[in-house]
Structures are given as C-alpha cells and as structure tokens.
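Owing to the predicted nature of the structure, the values given are computational and were not obtained by experimental measurement. Reminder, nothing fancy here: chain letters follow the sequence lines and each chain counts from 1.
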Amino acid sequence: MKLYNTLTRKKEEFKRISDPVRMYVCGVTTYDEPHLGHALATVIFELLQSYLEYRGINVRRVQNFTDVDDKIIDRAAETGVGWYDLTQEHVGTFLEAMDGLNVRRADVHPRVTEEMEPIIELIGKLVESGAAYEAGGSVYYRVRRDEDYGKLSGRTIDHMDELARLEPDLLKENPEDFALWKAQKPGEPYWDSPWGPGRPGWHIECSAMARRYLGDQVDIHGGGLDLVFPHHENEVAQSESATSVVPFARYWVHNGLLRMAGDEKMSKSLGNVVTVRDALKSYSADAIRLWIFQSHYRSPATYDDENLAAAERAVRRLRQAANVTNVGAGAGDRYDANHVRQRFVEAMDDDLNTPRALAAIFDLTREIFTAQSNGVDIADGQGMLRELTGVLGLTLEEPQLGGDADVAEVEAMLAKRESARQERDFATADEIRDQLISMGIEISDTPQGTTWRRV
RNA sequence: GGCGACGUAGCCAAGUGGUCUAAGGCGGGGGUUUGCAAAACCUCUAUUCGGCGGUUCGAAUCCGCCCGUCGCCUCCA
C-alpha cells in the first residue's frame, strides 16, 4: 500500500522494516477529557493498524499518555485537585471514551510517570555524547549541533531565531535549544536524576518510550499535524542523536486537524471543544466513525451537527443492509460480492482513502438491496459488508439507545395492531403505530410480517 | 514575515492530464411498492470544478498571478 510520508512529502510504497510493524502514536496529555479531535487521531491510527492486519501484516501499536507536564500542574493548581489524581482520572476518561467509540486498545499505553528510568537513561546518553548539556539543574538539547535539524518540518534554525518568539532563557546556550529535563520548581512534582530533581521535557518521553517498547527505529510514527513542529522534529533530533539509527521513523504519518464551525481548530486552549462523551450522547459510535472516514485523514475536518446527523442516517442504511432478513436464502441465484473487496482494497491501499472505500461499501449496500428485491440470495453480500465495515471498526449493531420500552409491551401492541389491520380498522392500527413511534419504535410491514426496531 | 494545507453540486466529500457531460453520503423532486406509512428499489438533482491568464491535440487536474479560508512557527491529536 501507499502511505503519505511527512518526511519526504510524498506518497510512498509502504515497506515494513520489521515484523510486527512497529507503530508509535503520540497520545494525549491527560489534564482534561478527550475531545473529538483526539478521537479522530486515535481512530485513524487504529484504522491504519486494522487495515494493515487485514492485509496480513502484524502490527504492534504503542500510544502514550503524557501524564506529567506544565498544563497538568497548572490545572491541578487551579482546581485544587492533586496533579496525580487529575492525570489518572483523565487516563480513565480517555480510555472510556475510546471504548465508547469501539477503538481497540493499543498493545501498550505507557505513561511518562512510569517511564522515568528509560527517559533519564536516554537523556544521559545525549549529555554524554555532547548532544545535550546541563545548566542549572535542567538539561537542554543543542539544536545547532544537529546538521539536519528541521528536516521533518522544513524549518531552519536561523529563521526561528529571527522571529525571536522563543522564550528568553539565560540558561540556554541558544534560544532554539529545548529542554530534555526541567529542574524542579517549588511545589512541583519531581524525580531524582543525575542533574538533580526535576521532570522530563515534553519531547524526550516519546523518544524514550518508543525506544523501550519498539526499539531504536519504528516503521510508522503517527500523530496530529500540529505535532510536526516542534514535537516530532525534536523527537527525530533526540532519537537519531542518541542511537545513530536514521531515520528514527521510516514513515511519519500525520492526521489533519478538526475544526469547529468558523473554521477554527478544535482545541482545548481555544475552549471550543466537543468532548467524545458529549458526542456519544447524541450519536452512535458507528456514526462518529463513519463521519471521520467520510473525509480523508489528512484533510482538515469541520465539526458540524448536521454532518454528524447525516452520518447517523447513512449508518442506518448500512445497518439495514447488514441485518435485513435474507429473503432469498437458498435461492438458486447468489449475489457475488467479490468485486467490492477489490475496490475497497484499491482505495485503502492508496494512502487510506476511506471516502473511496466507503463509496464501494455504499455501492455494495445498494446492490444487496437490489438483489434482495429480485429474490436473490444476499448472504455473500451481507458477509462482505460485515467484513469490510469490520475493518473500519463499525459494529452495525442496532443502537439500544432511545426508547426503553420493553419487548413484551411492544410485541403486545403489535399484535393488537395486527388484528386491527386484519379487520381493516386502519384508524386503530395507525394510532398504535403513532404510539410506538412516540416510544422510539419504528415499525415496518413486510410480506413476512411486521418488524420493528428502536431508533 | 517564514513554512504548509485548502477552495468541486443545497450541505459533506472523492477525483490531481484524456475512461470526468466529475465517485459516494446527506438533503430534495418524480415514479414503483404499501390500506396508509416506514424501509427498499428505479430515476432526476454540477456541461462544471474560487477568479483571470498560460502550457497542451486535450486541464477540475500542470504553470503564473489574484481573491478567500485554515494550520504550524516551542500549549496542542
């Protein structure tokens, strides 16, 4: 398959360098609930894993939690909650949200606070080799010593200086140097290190965790487009300096960012977020995933209730096709769905072109219904639909939300309605149907009898 | 200011030199089916791809300029 590589700025044929393929995905900073932007990123890399596996390639996926950092400390101070409690709470809200979206867990979800040894060891290596230096109990990375610094993001150091937007820090040799280790400030959490008490800088954690769980080189490194600079650029610098293995990541894959109406990026700092938890109150996991997959992962997506609602309606159609009774079962004619798999694979092989893959799936559903109306056996079509939507992580289960009428009651009402219909008392029949609708039950009369479902 | 992305039907969104008088979804119109619905099926819904030039036998697709929107430039998925 082909994957767009941020490092080379082009689509490249994906060739694994290891088995299983080693994938590292930048996770969240756990100071607040996850929002749909986090969901987008996580779902995309889960999809990449699932699709590679579908193609017979094993994948080991690691996604971290940044559970100690400035924002966590600040938020804890504001709210009076202990920083560690805050952080663990939001590890929990993240995992819950992802469960709600039917995202499979990564193979490893390391947390910075539990990775101090490998982090300190890696910083030590960098200090030893002269790539980094200690100053005032902190450790900084010597950016200027790196001749290829900027290769991922396409930035130059001189330009960074020009802007002088970098925090003046008297301890740094150069303003563009970044912290690997931050000396403890009063009241802040700290760990002991050869340079004194402190905590890791933001970027080093990922280098250390990727190295510990995946080795000195990874096949795929993923994250949001907003992480390219400085986070990933700095990871490249650190990891490659420390291990001399180049490139640190063979394929850099970045997802586009989610925006809000008004076209601004959804972000915690702008306060314009929709949490996953809130979204799941209104929309099914299948609908949210479908909405994500209806645009390409590298394009910016815009949050809009109308689009989510449209996705919810679209997903109902898929569910209907997957779950409809196969009236033509055992008929002489069988619908052959194999051509659809080919279209699906071609689309997905092209840098995970989910919109095109979905086009194939929606064509499949229409063909299933058409075959159904012609009395053709649709078992293979339904199997194919399950197979392909399964790769996309869609369950196609009828939602049990809305209407909590119990089954016996519904069945009793339907029986009453049926006898009214037999007597051609349509007024009564329609009245019962209206009642059911108001209870959140949708019914349909078919030649095989009346069926119902919750909506 | 630097780097980058984007602008396709009412909305969302693929397509990046001929097969495009442009996929798919949502919405809408008409028809079939139904006691009526719902669901489903059939059918119609962009001669046109932000604007203007250019290259080419041929451009939504390449080049130039312009207009508009967004992202990153040490908080960020």
Show the distances under 3.5 angstrom between N or O atoms of the protein and N or O atoms of nucleotides 5-11 of chain B.
none

Need one value for [X]: base, sugar-phosphate or nothing, where a base atom within 4.0 Å counts as base even if backbone is also close, heavy atoms only.
X      : answer
A:G223 : sugar-phosphate
A:G222 : nothing
A:A310 : sugar-phosphate

If only side-chain N and O atoms of [X] are considered, is one of them under 4.0 Å from the OP1 or OP2 phosphate oxygen of [N]?
X      : N     : value
A:N234 : B:U74 : no
A:R317 : B:A40 : yes
A:W202 : B:C76 : yes

Closest nucleotide among [options] to the [X] side chain:
X      : options             : answer
A:R155 : B:C41, B:C75, B:G2  : B:G2
A:H38  : B:A77, B:A39, B:C75 : B:A77
A:R313 : B:A77, B:G24, B:G27 : B:G27

Protein heavy-atom contacts under 4.0 Å, written 5' to 3' over nucleotides 29-38 of chain B as B (base), S (sugar-phosphate only) or - (none), form the string ------BBBB
Comparing A:G37 and A:D177 on RNA chain B - which has the more 5′ nearest nucleotide | A:D177
Residue closer to the 5' end of RNA chain B, A:G154 versus A:G224 (nearest nucleotide) = A:G154
For a ring-ring contact (aromatic ring centres under 6.0 Å, His included) with A:Y141, tell me which candidate from A:Y149, A:F178, A:Y133 qualifies.
-> A:F178
